[in-house]
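Quick notes on the structure that follows.
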Amino acid sequence: MKNTFQKNILCIGAGYVGGPTMAMIAYKCPQYKITVVDINHERIAQWNSSKLPVYEPGLDEIVKATRGKNLFFDTDIDKGIKESDIIFVGVNTPTKTFGAGAGMAADLQYWEKTARQIREAAESPKIVVEKCTIPVKTALAMERILTSKDNHISFEVISNPEFLAEGTAMEDLEFPDRVLIGSRETESGIKARNAIVEIYKNWVPKERIIESNIWSSELSKLVANAFLAQRISSINAISALCEKTDANVGEVSKAIGMDSRLGSKFLNASIGFGGSCFKKDILNLAYLCKTYGLDEVADYWESVVKINEYQKERFVLNMLNSMFNTLAGKRICLLGFAFKADTGDTRETPALSIAKRLVEEKAELVITDPKALSNAMIDLDGVNGITYEPDPYRAAAGCDALAVMTEWKLYAELDYDRIYNTMAKPAFVFDGRNILDHKGLHKIGFNVFPIGSPPLTHY
Ligand code: NAD
Ligand code: UGA
């Protein structure tokens, strides 16, 4: 059958970014053929099934509307490379766990393998788009790899970082604050940049499409995540001071957030930020600074991660101190395990480190979560003393304490009278996300420990 599509677009990497991003492009641009490939064949099979590998509100509907029409999930990467004009690369870029820069630098092996594969399989010019988050100057390395074989094929590397947040990915993709597209400022670089602008112009207002030099674009992605995480660590640091001074961190957040210069978002105190990117991207930024001899700048950004670790440990110690300095044999129900609401993703979830610490204190855990229980079981495989229970009422029954790990709306709406009656006494609530009605819970009989405001106790 003749291919009547205007453009053939490939995405290498069918993860949390590749899948949803390409589904949105396919949905908004029926004139393009979009193929998503991955080395993980099981993942591709899931994308082709009725149970997608990623849970995102609105994603199922968009995949259903486009799959088999202009959106395809496939395992033949070479064929995809040969047939495409534009190749997005959305592979993972985790923190390096070995060798120089271990624990801080980005592990670029997946990106590099992809670049080599593109070079080997390509038979015509390609625009290669960095969709994943990489250190500034990665495009230079990619250009060198792509052009290191004299096969007379031209490659142009473009930076188009993704800013979606999990749980709101489809909304973020449909109505982005901005789309950033960086290129070399050469004639061919600008031509390639325009080709990517053309794609987004199908649904993103032109004033929201920012064009920049390629290094600014690469760096902006790391900096955006660092600034977002820095706000959370700032408010979490203040939450510790609030607990010592009878101030209320929610009131402080509101008061400072109404300053239009600061804004109100990302000022919710919590058990700490999680997710696959904040920690890795800040450490990557700090590593880059160190590489350029900017040690003070590196220390500044690293402190954002240190406060995050401190906040998780502080939460555990607060539980321990409040429950009479022993958790041994006590049954604790973790309400939520995902790193945030509306996702089943548990990568770097604060609930994992907290769960492990509580088990170290010899507590017995019951974990509940509407979407993340299967990932929780994988993350905690081999750890004894943990039960997994999808029903929050059954999970809480017989427990000494509830600890809110994830801000799922359903946890704010539970019948806490009913729960209280089934729990051991005295019953405790540690609200790691400040989503519950603390006064109401106290009235029921709970001893309530919010983040960043005085506890409400009966003793
Ligand atoms: P992910 O792990 O969910 O997906 C990456 C996919 O790439 C995996 O399915 C993996 O099998 C595949 N892959 C790895 N090497 C490959 C290769 N050589 N050929 C083909 N496929 C290969 O990761 P993700 O969460 O989608 O993140 C991808 C990138 O996007 C990262 O750089 C991340 O920092 C960035 N990012 C993530 C988010 C997010 O919310 N998850 C948001 C913005 C940016
Ligand atoms: C984050 C960024 O928001 C995205 O713009 C970016 O594209 C993405 O990282 C990435 O590069 O991977 P994500 O990690 O999916 O998105 O989710 P966020 O909403 O940023 O939440 C991150 C963590 O911070 C969660 O654990 C969340 O619960 C926590 N958080 C968030 C707080 O503790 N307080 C807040 O006020 C906001």
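Not measured: the values here are computed from a predicted model.
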Donor-acceptor check, side chain of [X] to backbone of [Y], threshold 3.5 angstrom: yes or no?
X      : Y      : answer
Asp85  : Lys7   : no
Arg347 : Gly275 : no
Ser159 : Gly182 : no
Thr406 : Phe337 : yes
Lys126 : Ile81  : yes
Gln46  : Leu52  : no
Lys340 : Gly274 : no
Arg119 : Ser148 : no
Asn375 : Gly344 : yes
Asn236 : Ile271 : no

Next on the checklist: Working note: Arg357 + Glu313, criterion salt bridge (charged side-chain N to carboxylate O under 4.0 Å, His left out); need CA distance, chi angles, decisive distance, verdict.
Outcome noted: CA-CA 8 Å; Arg357 280 288 291 111; Glu313 181 60 13; 2.9 Å; yes
[X]: which residues meet the ring pair (Phe, Tyr, Trp, His ring centres under 6.0 Å) condition with it, sequence neighbours left out?
X      : value
Trp203 : Tyr200
Phe278 : Phe273
Trp301 : Phe227
Tyr16  : none

Could you pull out all residues at least two apart from [X] that satisfy salt bridge (charged side-chain N to carboxylate O under 4.0 Å, His left out)?
X      : result
Lys33  : none
Lys371 : none
Glu218 : none
Lys409 : Glu413

At what distance, to the nearest 0.5 angstrom, does [atom1] of [X] lie from [atom2] of [Y]?
X      : Y      : atom1 : atom2 : value
Asn160 : Leu180 : CG    : CG    : 7.5 Å
Met22  : Lys131 : CE    : NZ    : 6.5 Å
Met405 : Ser270 : CE    : OG    : 10.0 Å
Leu436 : Asp431 : CG    : CG    : 4.0 Å
Ile232 : Asn308 : CD1   : CG    : 7.5 Å
Ile332 : Ile386 : CD1   : CD1   : 11.0 Å

Checklist entry - Quick one: does NZ or CZ of Arg178 land under 6.0 Å from the six-membered ring centre of Phe163, within 45 degrees of the ring axis? => result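 Positive - Arg178 is close enough to the ring of Phe163 and near enough to its axis.
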Checklist entry - When you measure from the centre of the six-membered ring of Phe315, is the NZ or CZ of Lys312 under 6.0 Å away and within 45° of the axis? => result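 Relative to the ring axis of Phe315, which defines the angle, Lys312 lies outside at least one limit.
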Checklist entry - With respect to Arg193, which candidate in Glu156, Glu187, Glu185 satisfies the salt bridge (Lys or Arg N to Asp or Glu O under 4.0 Å) definition? => result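 Of all the options given, the one that passes is Glu185.
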Item to check | side-chain hydrogen bond (donor to acceptor under 3.5 Å, both in side chains): pairs with one or both residues in residues 87-98, sequence neighbours excluded | outcome: Thr93-Lys280
Checklist outcome for this item: For residues 221-235, the side-chain hydrogen bond (donor to acceptor under 3.5 Å, both in side chains) pairs (sequence neighbours left out) are Asn225-Asp281, Gln230-Ser234
Atom [atom1] of [X]: over 12 foreign heavy atoms under 6.0 Å:
X      : atom1 : value
Lys191 : NZ    : no
Glu120 : CD    : yes
Phe155 : CZ    : yes
Glu296 : CD    : no
Asn384 : CG    : no

Between the side chains of [X] and [Y], does any donor sit under 3.5 Å from an acceptor?
X      : Y      : result
Gln31  : Asn202 : yes
Gln109 : Lys113 : yes
Ser239 : Gln311 : yes

Next on the checklist: If I compare all heavy atoms of Pro350 with all of Gly272, which pair ends up nearest, and what's the gap?
Outcome noted: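 Looking at all heavy atoms of both residues, the shortest contact is CG-O, 3.3 Å.
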Checklist entry - Taking all atoms of both residues into account, what is the closest heavy-atom pair of Gly18 and Cys11, and its distance? => result CA-SG, 3.8 Å
Item to check | CA sep, side-chain torsions, deciding dist, call: Lys206, Glu211, salt bridge (charged side-chain N to carboxylate O under 4.0 Å, His left out) | outcome: CA-CA 10 Å; Lys206 83 173 179 307; Glu211 299 177 45; over 6 Å; no
Give the table of side-chain donor-acceptor pairs shorter than 3.5 Å for residues 62-73, with sequence neighbours excluded, one pair per line with atom names and distance.
| residue | atom | partner | partner atom | Å |
| --- | --- | --- | --- | --- |
| Thr66 | OG1 | Ile62 | O | 2.8 |
| Thr66 | OG1 | Val63 | O | 3.4 |
| Arg67 | NH1 | Trp47 | O | 2.5 |
| Arg67 | NH1 | Ser49 | O | 2.9 |
| Lys69 | NZ | Ala65 | O | 3.2 |
| Asn70 | ND2 | Ala26 | O | 2.9 |
| Asn70 | ND2 | Cys29 | O | 3.1 |
| Asn70 | ND2 | Tyr32 | O | 3.1 |

Next on the checklist: Per the salt bridge (Lys or Arg N to Asp or Glu O under 4.0 Å) rule, what does the pair list look like for residues 377-390, sequence neighbours excluded?
Outcome noted: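 Non-adjacent pairs meeting salt bridge (Lys or Arg N to Asp or Glu O under 4.0 Å): Glu389-Arg394.
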